[in-house]
Amino acid sequence: MAKEYNFREIEQKWHRLWTERQTYKVSEDESRGKFYVLNMFPYPSGAGLHVGHPLGYIASDIYARYKRLQGFNVLNPMGYDAYGLPAEQYAIKTGQHPEKTTFANIDRYREQLDKIGFCFDWDREVRTCTPDYYKWTQWAFQKMFYSYFDEELQKAQPIEKLIEKFKKEGTWPSDEKAQSDLLMQHRIAFLGETMVNWCPKLGTVLANDEVVEGVSVRGGYPVEQKKMRQWCLRVSAYSQRLLDGLDTIDWSESIKETQRNWIGRSEGAEIEIKVYNEEQGARSKEQENTDSSSNPLAPCPLPPAPVSFTIFTTRADTMFGVTFFVLAPESELVDMVTTPEQRAAVDEYIKYVKSRTERERMIDHTVTGVFSGAYGINPITGDKCPIYIAEYVLAGYGTGAIMAVPAHDSRDYAFAKHFNLPIIPLVEGADISEESYDAKEGIVMNSPISPDKSVAYDGESLCLNGLSIKEAIAETKRFVKAHNLGRVKVNYRLRDAIFSRQRYWGEPFPVYYKHGIPTMIPEECLPIELPQVEKFLPTETGEPPLGNAQIWAWDEVNRKIVDKKLIDEKTVFPIELYTMPGFAGSSAYYLRYMDPHNDKALVSPEAASYWQNVDLYVGGSEHATGHLIYSRFWNKFLFDLGVSKTEEPFKKLVNQGMIQGRSNFVYRIKDTNTFVSFGLKDQYDVTPIHVDVNIVKNDILDLEAFKAWSPEYATADFVLEDGKYICGWAIEKMSKSMYNVVNPDMIVENYGADTLRLYEMFLGPVEQSKPWDTNGIDGCFRFLKKFWGLAQSILNNPNNQNTPSAEELKALHKLIKKVTSDIEEFSYNTSISAFMVAVNELSQLKCASRAILEPLVILIAPFAPHIAEELWESLTTDASLRKGESVFDAHWPQYEEKYLVETSVKLGVQFNGKVRFDMFFPADATPEQMVEMVTSAPEAQKHLEGMQIVKTIAIPKRIVNIVVKPC
RNA sequence: GCCCAGAUGGUGGAAUUGGUAGACACGAGGGACUUAAAAUCCCUUGGCCAGUGAUGGCCGUACGGGUUCGAUUCCCGUUCCGGGCACCA
């Protein structure tokens, strides 16, 4: 008796059996090769999963199952990035503890995930907010605190080595505070006074990747620059290694390029500029006068004028075109160079700059600036050039000071035009009358303008005339280095990561303040658990939320957390009130999955050696400058420590595209409760209204469901076309407010998980963003029903021991070949197509051979595991050989070329590149034989008549083309 | 402004190293079965033209050129869409 395809029964059965049999439990197995598949773990939001979330999970699940069938020991874990802002904000609103809502959300996620049938080893689940997990986040932070980055070795080293070095040099201070301050400048995790992105609305600082165009990524609130003492990670130290590593990993070019941009390496030179002496002389005199005077109204003593300052340039070749220097307004040099005459003007300008927000500065690029009154001396030409202060120079990049070459830099050009400063062209043939010539191509001139315009050092003076720009850059660098005028320098745009947040729902720092000196709580005492608080908001005194915690002081003697009241600054000290940012917990989770229950180490050396790193990582490209940089940094640090066994954490990265929503609209005739169908709406004055896509099928509205949808529409009237109400549609972001959220549970309920899996993959390439369109899902459902039907007809055929026919074997082996190569390339949509073709072929051949069905079931197993398991069981019940085993313990079939051999091939025969007719050729025909056959074929004669053959092209299995021309 | 990726029917998308463009699926149209619906099955489906018809011809992979016997594929230029970086010297 042929059974119906009852997906509900089948899927429930196998979910149960998989759990009972622990089908997906993995452990280290030296006898088999490992393969580590990983998804970016989700943040469990309150909204639950929509159909976009599982896209990547399904893609990686297919790959994981495929690899397992190929004999690999596959690690495919899942967990939750459980710390996050939404839970905290919800807690502030409702008073519910974020842990409670987070865990409830996790349960909901788990339930939804289980329905889709993933092969996750749930014994390895991690949650970043549980103490046994964040113990190792805190541990890694402490390791970073106790390490510094050795520039020479280009790797992290224990801080003791640095102390030794200082002691040897005699620069090690005796004062404890001074020691702490000195080491802070070198530690990889350090407390730094830096300009930070402060978001007043969120009440916290944000990392650079959390701010876009001057507003916070979360919430879109304005962000301002503020100087604050914060924990930072010295990510910038790893800039070069982060850059070099990109060449060794299999990631998309666009993601690598994004990271290269973000790291922003630029090679240049730092050159020392002396401040003009005469000014300094005048100022010294004035200072003396002030000092000798006892007049209380006398101006404050001027700070000492600096002897020199350093500028950074990537265009060392343009030294002869410098006509002024510019300092960033925030630079400490400003106060030092400003002359008394210009003091008022400069102060006013600084005030103006401070009044502008980051956002204003980013959008508005009008030229502003002020003369400092001082002059700098160009060391190459000996020229005296004015020093300006202008906001277009950034304090945070390079040295905060530049040399301005208006002829060849557009920003300098605009500034020079505005302030009427000279412009000296340096490139032959470059027209600089309207704009600067910024390109690094051309031949250098005017360098120097005349021989006496180049200062000689040790008898050598610089001349670049006639060189290409590239040569000139190299020559200038050599000259500067040789005569000690500066040094060659590489700058990176990548900044250190700000690692503290003024929030509650995050990892607490295992740090206390002993007389104001940050001190690590001993490693054996970790984890330091997040304390309970009454309120999740900042305290009245402006402290972060942890300021509300009562039991939050460190007792050094008893080595435990005690009541704040006991703080005496002798043995009991206050604990850090900041918490760690979101990326702290997500930076090394892939290592924890290797050994998730180990309470002695983040990961045991054995597990780390076996699993190495992630072979396939699947997730969204929006993490390019956040998680994917931090994680690489974190891993490199742990690699330096010997904890991680590989330099790069993720060998291959696949970015799944976003699934957009496809919204549906109904059209209400103005001021009525009548709705007009899409095709007729232009005849009325209508308002489009979003309608829930779940009550629309193939753009046809379910009228009864619509009436039931909202009481407002209970009495709605409709103007139909062809008896149907057709809805309009648009592609928008999937969101609740547009009623276009499609929930995977609904699809699973109506079609089954196998259909959902198949359809999500059939929609198009995994990497591509595409709108969710439920319209096509029937095709995949039909296919599974056909597949099931084919299998049933084979299973129920009394003659099923038949040996398969040549056609059947050909169809099968064609499929094995196609599916195998497609899975390797993540071309799941085309392998599903190939399946559809093969099943149609086999159905038409009335295939009845079990020998065909068995490999067919294995082939479909990664895509539709439930149906495959069910059929596998049917195949093996009477044989009782493999009873109880999973199809995933079987072996992936190999295709055999002998079944695919064609005896003859049909090829298009062309004359002058145009296809004229088809012809059959023996599959092994040589090009000469093919041409011979064509020219003697009767159909060819009319094309050859009155013509002569100029050339013949014959490619076996491809094409035959005869080029002819009239005789 | 700089860098990266892309553009193929009504729709999602196929197309090995340049070799019969539009696989597969959806939608649409027609038909079979059925009291009817659902389900299932069969046929047609890029555009235009000619023909009763089998069929034949022309155009067609964003646009304009080029290389080639032959270009969706390679090269140059243009337009449009998406992504990243951006007073980074």
Side-chain angles (χ1 to χ4, degrees), chain A residues 212-213 252-266 268-269 311-316 318 326 328 361-367 390-394 396-405 408-412 414-415 438 491-495 621-622 624-625 655 657-658 662 698-699 729 758-759 762-765 767-780 782-783 785-786 789 818 821 827 829-837 840 906-918 950-955 957-965:
Chain A
V212 172
E213 284 172 7
S252 76
E253 205 43 52
S254 68
I255 275 252
K256 287 199 210 176
E257 199 57 33
T258 300
Q259 292 213 341
R260 286 191 193 106
N261 279 343
W262 190 256
I263 295 166
R265 182 184 204 269
S266 66
I311 57 100
F312 175 74
T313 181
T314 54
R315 291 294 302 273
T318 57
V326 188
R361 263 175 90 162
M362 235 179 265
I363 294 162
D364 174 23
H365 285 181
T366 47
V367 177
E391 60 178 337
Y392 83 89
V393 175
L394 306 176
Y397 185 78
T399 59
I402 62 152
M403 61 179 213
V405 185
H408 302 293
D409 182 286
S410 52
R411 295 151 305 182
D412 297 345
F415 195 85
D438 293 14
N491 262 326
Y492 300 91
R493 212 184 60 86
L494 184 69
R495 305 294 165 80
S621 56
E622 68 272 21
T625 55
N655 297 114
M658 296 258 276
R662 188 177 187 279
N698 296 346
D699 288 335
W729 59 273
L758 231 50
Y759 184 57
F762 189 66
L763 223 44
E767 290 95 334
Q768 209 165 298
S769 285
K770 58 231 153 187
W772 177 264
D773 184 351
T774 317
N775 289 348
I777 201 160
D778 288 311
C780 288
R782 262 175 229 150
F783 161 71
K785 280 196 283 192
K786 274 185 209 165
K818 178 78 177 149
S821 65
S827 232
N829 55 337
T830 51
S831 49
I832 294 168
S833 293
F835 258 111
M836 292 173 172
V837 173
N840 272 337
K906 191 171 91 173
L907 295 182
V909 174
Q910 303 179 343
F911 287 89
N912 289 343
K914 286 238 163 92
V915 177
R916 299 301 173 183
F917 56 87
D918 290 336
V950 179
K951 196 174 174 180
T952 58
I953 297 114
I955 303 163
K957 294 183 189 171
R958 288 290 159 78
I959 203 84
V960 182
N961 187 20
I962 313 283
V963 184
V964 290
K965 69 171 190 193

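Bear in mind the structure is a predicted one, so any value in this text is a computation, not a measurement. Just so it is clear: chains get the letters A, B, ... in the order the sequence lines come, proteins before strands, and each one is counted from 1.
Of the side-chain N and O atoms in A/S621, none sit less than 4.0 angstrom from OP1 or OP2 of B/G83. For B/U16, the OP1/OP2 oxygens have no side-chain nitrogen or oxygen of A/R958 closer than 4.0 Å.
The closest donor-acceptor contact from the side chain of A/N491 to the backbone of A/S266 lies at 3.5 Å or more, if one exists at all.
Side-chain atoms of A/W262 lie closest to B/C85 of the nucleotides B/C26, B/C85, B/G13. Considering only side-chain atoms of A/E257, the nucleotide from B/C88, B/A39, B/C3 that sits closest is B/C3. Comparing B/U20, B/G13, B/G12 against the side chain of A/F762 picks out B/G12 as the nearest. Checking B/G13, B/C87, B/G19 against every side-chain atom of A/Y392, the shortest atom distance belongs to B/C87.
Using a 4.0 Å heavy-atom distance criterion, A/K965 is classed as making no nucleic acid contact. At a threshold of 4.0 angstrom between heavy atoms, the contacts of A/R315 are confined to the sugar-phosphate backbone, with no base atom among them. Within the 4.0 angstrom heavy-atom criterion, base atoms lie near A/R495.
In this entry B/C58 has B/G47 as its Watson-Crick or G-U wobble partner, both defining distances falling under 3.5 Å.
Counting to the nearest Å, the P atom of B/G84 and the CE atom of A/M658 are 10 Å from each other.
For A/R265 and B/C88, a side-chain-to-base donor-acceptor distance below 3.5 Å is absent, hydrogens and geometry of angles not being considered.
A residue-by-residue look at A/N840 and A/I955 shows that A/I955 has its nearest nucleotide of RNA chain B further toward the 5' end. Taking for each of A/V393 and A/G913 the nucleotide of RNA chain B with the nearest heavy atom, the 5'-most of the two is the partner of A/G913.
For B/G9, the base is syn relative to its sugar; the glycosidic angle is within 90° of 0.
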